[in-house]
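Okay, so here's the structure we're looking at.
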Amino acid sequence: MDEKKGAYKFGEIEKKWQAYWQANKTFRAADCDYSKEKFYVLDMFPYPSGEGLHVGHPEGYTASDIVARYKRMKGFNVLHPMGWDAFGLPAEQYAVQTGTHPAQTTQKNIDNMRRQIKSLGFSYDWDREIATTDPDYFRWTQWIFLKFFNSYFDEDEQKAKPIEQLPLPEGLSEKDRYEYINSRRLAYEAQAPVNWCPALGTVLANEEVVGGVSERGGHPVIRKPMRQWMLRIMKYCERLLAGLDELDWPESIKKLQTDWIGKSIGADVDFRVDGHDVTIRVFTTRPDTLFGATYMVMAPEHPLADVITTDECKKAVKEYRKIAAGKSDLDRTDLAKEKTGQPTGAYAINPVNGEKIPIWISDYVLISYGTGAIMAVPAHDERDFEFATKFELPIIPVVEPDDAAEAEKVRAGQLCFAGDGTAINSGEFNGLRTAEFKQKITHWLEEREQGAEAVNYKLRDWLFSRQRYWGEPFPLVHTRDGRIVALTEDALPLELPKVDNYKPSGTGESPLANSGEWLDVKLPDGTKGRRETNTMPQWAGSCWYYLRYTDPRNNDSICDIQKENYWMPVDLYIGGAEHAVLHLLYARFWHMLLYDLGYVSTPEPFQKLVNQGMILGQDSQKMSKSRGNVINPDKVIADYGADSMRLYEMFMGPLEATKPWNMQGVEGVHRFLGKTWRMTVDESSGRLAEAVQESDADEQTARLLHQTIKKVGSDIEQLAFNTAISQMMIFVNHLSKLPIRPKSVVEKFILVLAPFAPHIAEELWAKLGHSKTLAYEPWPQFDPELAKEKEVELAVQVMGKIRDKIVVSADATEEDIKQKALSSEKVIAAMAGKKPKRVIVIKSRLVNIVI
RNA sequence: GGCCGAGUGGCGGAAUGGCAGACGCUGGGGACUUAAAAUCCCCUGCCCGAACGGGCGUGUGGGUUCGACUCCCACCUCGGCUACCA
């Protein structure tokens with residue numbers, strides 16, 4: 001078999017151009033080039049796993065690369081970087097098993113994934129590559145942590161300020177002063193529950209707990225309070241909510257963040273406890289149902305539970321609290337299970353009517369939300385209704401629904417109604433509508449100092465420490481006299497110690513607690529102390545990496561403010577929807593702090609966000625090893641080439657959609673590239689095809705070319721890559737049939753193809769006689785006049801049914817079209833002698849005759 | 001349970017108020033070839049019909065409109081996320 005000299009040899013071509021781009025630094029982004037408009041297009045950087053790339057990664061990366069390449073051709077100065085979110089559990093677990101340092105594993109995985117990513121020909125500026133595990137990078141992650149530690153939140157101005165500016169009350173002792181300041185830092189220590197596995201003697205990350213037991217070994221996991229570092233994200237709830245309005249993000253993601261923050265407005269109400277000098281505060285969004293409160297529930301962890309429980313109930317309550325403490329989160333929230341609880345024997349006094357109501361403890365009330373206690377209104381709350389039904393507690397309806405049938409059931413205590421209605425059984429408030437009642441009763445409570453309007457958020461302060469080795473160490477020292485001292489900025493980076501053993505310490509502390517002399521510190525003033533042994537969570541590094549790309553080698557600051565000012569914000573951010581809440585919320589939070597302190601110039605980091613959809617296996621199931629339906633990108637690239645891979649990923653369907661892989665589809669786009677090749681190159685000689693000549697395009701070809709330039713350009717702007725590719729296929733199908741293919745037409749098409757399939761485009765561009773890369777060739781202009789059809793075919797409907805088609809010139813008047821349509825024989829027949837009542841003419845579409 | 005998204009040929013999808021099924025895959029037929037691969041050409045939603053042609057058709061039922069895959073209401077199914085937040 002003769003190997004054709006000029007066949008489309010994608011392997012060689014792709015290697016050649018990747019080497020060219022690398023050697024010429026083709027995609028290096030120039031900082032602060034004010035002669036061009038900037039465009040920052042960012043991918044969510046990957047965790048460098050041992051599995052390497054899966055086909056989901058290149059989906060987003062190809063989309064962003066097409067935009068980056070297109071924008072360069074449109075004259076933009078494009079920043080398109082890539083890096084590695086390289087701290088994380090798998091490398092550490094591997095270290096525990098094998099003793100290999102996680103840094104080694106990480107480096108190996110990065111090298112492999114970099115090779116894979118490069119083999120797809122993405123136009124990243126590799127000079128800006130970063131890894132979160134690099135001390136030159138995490139030095140600044142630690143630096144930002146110090147900013148949190150050394151800042152407080154000014155409530156009046158609703159912004160963070162340096163801790164030195166914190167106004168101090170007069171006359172504080174040194175100790176009080178220290179505590180006053182500490183209690184206001186944006187990074188603070190607190191006791192918080194962690195997933196403790198007694199059998200393994202370690203704390204587990206949430207993802208290591210599956211179904212309430214440890215992923216490894218299946219041992220029970222309980223919640224145990226431990227000393228933790230927290231970040232005061234709650235201070236930013238309002239700004240995190242308000243900022244969403246300005247962002248060009250999918251509405252569904254904005255809603256997810258809004259719901260995650262979970263703002264609700266209601267009232268705090270104080271209930272006196274009968275026979276005790278204490279009050280229990282509850283939060284409710286329905287103060288209008290106070291008259292229907294028939295009991296009260298406290299979370300098992302509530303600090304007053306011990307105080308108020310009567311002697312008769314002590315034993316049962318103690319037992320219940322013990323069981324609750326041993327339950328995992330999952331057990332507690334399992335809806336299938338029945339509600340449980342114990343009476344404390346104590347009674348609370350309802351402030352609106354003086355009624356005595358029993359106080360229970362139950363784990364359906366969470367200590368972490370609101371005040372950790374509720375007033376239960378079974379008639380109007382599903383959970384209370386279920387609980388009251390089980391424990392035979394009274395149900396008093398106080399809101400009457402508007403629907404009469406519903407109202408009857410509610411009155412009979414048979415139906416729980418949580419909507420708005422009219423007040424009943426509520427004394428002087430009877431007859432009020434829900435909204436008005438809420439206002440009045442809140443005011444009433446305020447007057448008597450038994451309650452007040454209150455706002456609550458679901459979002460908790462961010463538990464920021466992990467009991468792990470492979471993370472950023474906290475730049476903090478615990479002194480022997482019990483103080484916490486931050487390292488100075490010039491002491492950064494604080495690197496991880498070398499350890500022999502990556503196993504957890506067994507005390508619940510991180511493996512760093514075993515790391516000998518690293519732990520002992522002598523501060524510059526001579527004070528001795530022990531280093532903080534927790535490390536930061538994986539989110540830390542990804543909270544600000546987009547900033548580092550603007551100035552990745554800066555040794556004096558996170559990034560130069562002028563460069564930051566030039567490049568930020570990110571104009572287009574593409575990544576998976578699984579980061580809709582956590583990463584995107586945490587990154588916005590960090591950005592706000594840096595904004596408050598003047599280190600960045602924009603209030604929000606990511607202007608436009610797009611989520612790529614999931615790619616399923618050929619069997620339309622989620623790809624997984626166990627199903628054996630995983631597609632290996634290396635294999636696809638070896639068999640069909642990177643350009644085919646890129647093209648197929650985009651041709652499968654809309655970017656945001658979930659869609660199944662299909663190898664035959666890859667062959668389809670591969671055929672298209674082969675056709676494009678043969679349209680331009682003579683396969684036997686490898687030279688330009690003879691049909692490609694200097695000549696003018698015929699009218700139809702010119703029209704199709706201009707339509708293609710127009711459609712592909714606008715489709716890229718809308719990220720509708722599948723339809724752009726389909727248009728290019730139509731074009732190639734047409735042009736390759738022509739015996740003479742005007743060179744200028746071929747050239748323009750190659751430029752249009754280039755963002756999608758850059759290797760073959762570069763090669764063909766060279767064959768067409770150009771000596772340098774097409775990466776910065778201007779995007780071809782289309783002429784709207786040339787793109788217009790001369791004649792259009794219109795459908796003619798009679799009463800909405802198509803009866804004939806007519807061809808008219810594109811500039812025919814409505815009257816011309818009407819005449820032509822009405823004179824059609826088929827139309828006349830269909831009208832069966834009736835007179836047209838109305839004739840609707842939609843130019844270039846159709847005519848509808850109403851009779 | 002809640003929220004979000006999606007239901008269109010044998011398959012991925014296109015059309016978001018104006019000719020449903022572009023483009024690709026699959027399947028069928030043909031050309032080229034000693035033969036095969038590759039390539040090229042034609043056909044390919046369903047039903048009736050020899051054909052011309054006709055009828056039906058975008059998850060289901062209703063509605064708005066001259067006209068609905070597209071807008072509104074109700075329901076069904078599938079997928080993703082979430083989990084007692086008072």
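Chain naming here is simple, since letters A, B, ... match the order of the sequence lines and numbering starts at 1 in each.
- Spacing between A22(B) and U16(B) at atom P, rounded to whole Å, works out to 15 Å.
- Of the P atoms belonging to C69(B) and U60(B), the separation is 11 Å, rounded to the nearest Å.
- Glycosidic conformation, G9(B): syn, with the torsion inside 90° of 0.
- Considering only residues two or more places apart in sequence or on other chains, Ala812(A) meets the side-chain contact (heavy atoms from CB on, under 4.5 Å) condition with Val808(A), Ser809(A), Asp816(A), Ile817(A).
- Between the CD1 atom of Ile253(A) and the P atom of G5(B) there is a distance of 11 Å, rounded to whole Å.
- A salt bridge links Arg703(A) and Glu789(A); the closest N-O separation between the charged side-chain nitrogens and carboxylate oxygens is under 4.0 Å.
- A distance of about 30 Å separates the P atoms of C56(B) and C75(B), rounded to the whole Å.
- One interatomic measurement links the two molecules: CD of Glu382(A) to P of G1(B), which rounds to 12 Å at whole-angstrom precision.
- Checking the phosphate oxygens (OP1, OP2) of C56(B), a side-chain nitrogen or oxygen of Lys801(A) falls inside 4.0 Å.
- On the P atoms, C81(B) is 24 Å away from A86(B), given to the nearest whole Å.
- In this structure, the CG atom of Asp259(A) is 12 Å from the P atom of G5(B), given to the nearest Å.
- In this structure, C46(B) forms a base pair with G55(B), meeting either the Watson-Crick or the G-U wobble geometry with both donor-acceptor distances under 3.5 Å.
- Nucleotide G67(B) has no partner under the Watson-Crick or G-U criteria, as no pair reaches both atom distances under 3.5 Å.
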Checklist outcome for this item: For nucleotides 20-33 of chain B, 5' to 3', base contacts (B), sugar-phosphate-only contacts (S) and non-contacts (-) with protein non-hydrogen atoms under 4.0 Å give S-BBSSS-------
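- Atoms CD1 (Ile367(A)) and C1' (C84(B)) sit 15 Å apart, rounded to a whole Å.
- Crowding of Gln621(A) atom CD: a count of heavy atoms from other residues, nucleotides or ligands under 6.0 Å exceeding 12.
- Across the C1' atoms, A15(B) and G45(B) are found 16 Å apart, a figure rounded to whole Å.
- When rounded to the nearest whole Å, the span between CD of Glu251(A) and C1' of C3(B) equals 14 Å.
- Counting to the nearest Å, the P atom of G18(B) and the CZ atom of Arg803(A) are 21 Å from each other.
- Judged purely by distance below 3.5 Å, without hydrogens or angles, the side chains of Gln727(A) and Gln707(A) never pair a donor atom with an acceptor atom.
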Next on the checklist: salt bridge (charged side-chain N to carboxylate O under 4.0 Å, His left out), that's the test. Do Glu251(A) and Lys254(A) meet it? Break it down for me.
Outcome noted: CA-CA 5 Å; Glu251(A) 283 307 314; Lys254(A) 289 192 192 184; 3.7 Å; yes
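- For Tyr295(A) and Phe387(A), the gap between ring centers is short of 6.0 Å.
- Partners of Trp539(A) under the ring pair (Phe, Tyr, Trp, His ring centres under 6.0 Å) rule, at least two apart in sequence or in another chain, are Tyr586(A).
- Place Tyr369(A) and Met652(A) on RNA chain B by their nearest nucleotides, and Met652(A) ends up nearer the 5' end.
- For Tyr640(A), the ring pair (Phe, Tyr, Trp, His ring centres under 6.0 Å) partners at least two apart in sequence or on another chain are His670(A).
- Pairs of residues two or more places apart, or lying in two chains, that qualify as salt bridge (Lys or Arg N to Asp or Glu O under 4.0 Å) and include a residue from residues 705-727 of chain A are Lys71(A)-Glu717(A), Lys711(A)-Asp715(A).
- For the segment residues 261-271 of chain A, residues with any heavy atom less than 4.0 angstrom from an atom of RNA chain B are, sorted by number, Ser264(A).
- RNA chain B is contacted by both Lys711(A) and Thr371(A); Lys711(A) maps to the nucleotide lying nearer its 5′ end (nearest heavy atom per residue).
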